[in-house]
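Read the structure below first, then the notes.
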Amino acid sequence: MVLHKKMVRDIRRNIPQFITIFLMILIGVMAYTGIESYMLGMRASADRFYEKCNLQDLDAYGELDRDDLEQIRGMDHVLNAEGKYTVLANIEDFDGHKAELNFISTNDICRIHIVEGEPYGEDKTGFWLDSFYAENAGIAVGDTLHITYQALDITAPVLGLCNVPDHVYDTKDETEIFPSHTDYGFLYLPSSMMTDAFLSEEGITRDTYTSIMVDLDSTENADALRSAIRDEVANAQMVMDIHDEPSEGGYQREIEEGDSYVGIFSGLFIFIALLSVITTMTRVVHRERMQIGTMKALGYSTRAITWHYISYGLILSILGGICGLLLGYFGLGHFFLGMEMEYYEVPGWSNAINPSSYFIFVLCIVLTCVASYLTSRNLLRQPAAELLRVERPKVQQKSLRFTTGERFRSYSFATRWNLRDILRNKARTITTLVGIAGCMILMVAGLGMRDSIHNYLKLELNDINHYEYRMNLSPSITVQELMNLFENYTDHTSMSLNIEVDDPDEGAIVTNAYVDDSKGSIQILNTRNKPMKLSSYGVYVTRKFAKLHGYQVGDTITWRINGLDDVFQSEIIGLNRDPQNQNMTMTRYYYQRLGIPYYPDSAYTDEDIQGQSIPGVSTIQSIDSVSDGVNDMLATMNSMILLIIFFAAVLAVVILYNMGILSFSEKDYQFATLKVLGFADSKIGRLFRQQNLWITVVAIIIGLPLGYFVTDFIFQEAIGDVYDFAAHITLPSYLIAAAGTFLVSYLVTIFLNRKIRDIDMVQSLKSNE
Amino acid sequence: MSFVELQQVSRAYGNGEKTFYALDHIDLTMEKGEFVVVLGPSGAGKSTLLNLLGGMDSPTGGSIRIGDQDIAAMSGKQLTKFRASNVGFVFQFYNIMPTLTVEENVGIIRDVTETDYDVMDVLASVGLQEHAAKFPSELSGGEQQRVSIARAIMKKPDVLLCDEPTGALDSNTGVGVLQLLRDQTKNGTTVIVVTHNTLIAEIADRVIRLKNGKVRSNELNPAPKAISEVSW
Ligand SMILES: Nc1ncnc2c1ncn2[C@@H]1O[C@H](COP(=O)(O)OP(=O)(O)OP(=O)(O)O)[C@@H](O)[C@H]1O
Ligand SMILES: [Mg+2]
């Protein structure tokens, strides 16, 4: 009972240290729980959505019809299949806005989730529109939309705003880096609304499909069915697993990004918490040496006293951990998830707690107790008589001896004193160093991430893409239309293909090939990010592709185009580099020599063709609109970076303040003596500040390269296989990070400095330590 | 005019009705180069007196003059300067810096005031020249106290204030320390030693007795004994 009272008083006396332990565990557990919870929340929310709306397992693409549909439905393991006819149409009266029209009939697979309005019905006449786009464009249920595509011309009311499970992550095309939902959305409508004019012009029926969605009994059979449909259904040119498609694929990649920093972030804070536990417990136990001796003399067992000291850490880590769990789940996790869900169309999202958070929570408690136990063990074991002897402040002469040599004579007394103080208190010095270096690393990484993304965009916008407008050519473009395009606009074109590489070790690698005839509109970069000229006697693969799959220049690569039976063997004649697509590249000349016809799907020009309607061109995209989207994304990143910098500052303030208080209370008696001897407060202040200054400078120097490596690690290793970024951090970012870290350190030191003025010489000298 | 003069000096603690006088309107005088011993029971106000004389604490009333300086009227900055150049301290628990060597502990004085003395000469005068490079923890208690005396005399102070300088030492070592302190009076330093040990009073030039914050007596010793004659 008495010990409990003592504990409460002790906690009160060591408030700053105990708050540090509490806060660091709180932040560590919160960061972990929050990040894990948003990642799991994204996954679980999408899975719930997929489950509820019956997301398809496979999509078969091609010019498909009723027979193909029935054939697929009849295959083993297939529960159901439904067709869909998709075209990219114009939304009239909305300048340049595009809608992906999806004509469907029944809707048992990939069901439309109604956000507002009436449920989908085959026999209704109207649109079900992308709810995110509708909100941005200001379109409401009941509004009338006018849609045109070739001969198609439909005016009908919006019956519902919706989300659809295969349009969770929905970008206009590959060049849109982040879904903006501003000038592009998806739109569902019954195939009964296909007009006769449209049917006859396209030469199709209401039972023609551009894709068939396939629902399987089990995802285990996806691979087998994928091959089976491709081989057996003649019209199926390509079959994709839903997980490889842009929507689910992009969504999953976003989730995996969290993995890259959750460890670094929470590990750092938990590490600091443990260091604080060690320094604080050392201090408390040593200061209470006499008390411990007295308690022992009074008959308390060593075990009772040990438990007493462990319980400080136990209580603080339990409290900190619980607060961390709660704040992580309800605060950080919810906040992060909310930010993500501005881009991803998943209805009814909520974050979820990852069971591993409880593990981290328990781990923190155990580590804290072990650290307290190990710290206090030696002292607590000593017999009462030993503890009750007055302890002289021990100076480890060996480690300090070298500082008394000739070399140090020329240094001032303050320098020598600080040097020895650092050597005497290694744990405290290291903790401070780690805290400030951690702050520096976080600041460099935060700013560096922004720089690196900036650099990547510069690469995309300045180095790779050399055109003002890109035309996406319709798959149904006629030869005549193509000729006209070449004559009147541009003959800079390219073609993208979905391919599979047959790898002797890995089997089929799904990737794509880029066939270049852009005449410089698209630059291919070499491994040093400089433009290179392509040769036509072989193919190029990106260096990351080569690294991931074990290819080298000179190797032969075996590949096939989805939808075709031919297998090609090509020599790899060079490596190129692409920041966001790991694929194969070849010239048009090489491609045609393989005996395959070249159908361009993109054309590039510098002429101003904005808003023009060019036959055979489905969309026109200006490079400016790309950079606009990019700026939106950078703005989002800025708030993330501010958050990181804020945490960095909190980290540094907490560590510096605590270690400062610790360092101060160890030495207040020495400071009082100096004061008595006639040292002015300002002089003692300088003495005190000098040490922090040194440690700060060293920490900044350590933090600079480490910050770079952490950023580089995030981009190179953790961000996903399709990207090939390197950290690219500019000098101003390093300078800002260094200045910011220094400023935080300086302010805390100045704040602590005020304590020197308050030293009461008379009180401090009444007893010895 | 005496070298040290206190007039109606008080040091009160607490406020309002429960004011407690650690020193209660005392008048005192001491001369230059005197060896003064302050005696009194625990709680009498001895340390309080030393703290006031040393400018570590300020009186709540009265005036203190040392030489031509009025300490009671000084600001914090002036007091710091006064301590730096005029006062030497020797404490019961030595109060030397654990991370500085013996030589550095004495040499530290050069950082706050000018002095003609050489560190090694001063260390020699207290018999510590061979220990110059050692850290305090490598010294005995008596040696540590001699370090603190060396530090105090390094600046050739006007007043040397010693609070129980022999309290933690055995008899022989204590005698050695007293001899060192006594020697300082030859340079004109007024040495003021607070102690419980009445035997020490026998070697003093002046003996001041305090009780309950008041001066019971302030007498000159007509025939101070030589230090070699006392032991306890
Ligand atoms: N900060 C304080 N607040 C209140 N009273 C105090 C304070 N400091 C000292 N006193 C009181 O002032 C009186 C004189 O204290 P002082 O330290 O001068 O005694 P002393 O003569 O040196 O005793 P000792 O021989 O035990 O060292 C004591 O009764 C003490 O209780
Ligand atoms: Mg006293």
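Numbers restart at 1 for each chain; the letters A, B, ... are given by sequence-line order, proteins then strands.
- Atom CZ of A/F413 is surrounded by more than 12 heavy atoms from other residues, nucleotides or ligands within 6.0 Å.
- Using a 4.5 Å cut-off between non-hydrogen atoms, the part of residues 109-117 of chain B that approaches chain A consists of B/I109, B/D111, B/V112.
- Heavy-atom pairs under 4.5 Å with chain B peak, among A/D760, A/D681, A/L674, at A/L674.
- B/R83 places a side-chain N or O within donor-acceptor distance of the main-chain N or O of A/K675, the cut-off being under 3.5 Å.
- Nearest heavy-atom pair across A/L677 and B/R151 is CD2-NE, 3.6 Å.
- Annotation: B/N212, atom CG; neighbour count of heavy atoms from other residues, nucleotides and ligands within 6.0 Å does not exceed 12.
- Looking only at side-chain heavy atoms (C-beta outward), A/R420 and B/M97 stay at 4.5 Å or farther from each other.
- Chain A forms more heavy-atom pairs under 4.5 Å with one residue of B/N51, B/D163, B/V87, B/I96 than with any other, namely B/N51.
- The minimum heavy-atom distance between A/V676 and B/F91, with the atom names listed, is CG1-CZ, 3.8 Å.
- Looking at residues two or more places apart in sequence or on another chain, you find no ring-ring contact (aromatic ring centres under 6.0 Å, His included) involving B/F3.
- Residues A/K667 and B/T99 are not in side-chain contact: their nearest non-hydrogen atoms beyond the backbone lie 4.5 Å or more apart.
- No other option in B/T48, B/I108, B/N86 has as many heavy-atom pairs under 4.5 Å with chain A as B/I108.
- Neither the backbone nor the side chain of B/K81 comes within contact range of chain A; no heavy atom of the residue lies under 4.5 Å from a heavy atom of that chain.
- If you measure heavy-atom distances from B/L79 to chain A, you find no contacts under 4.5 Å at all.
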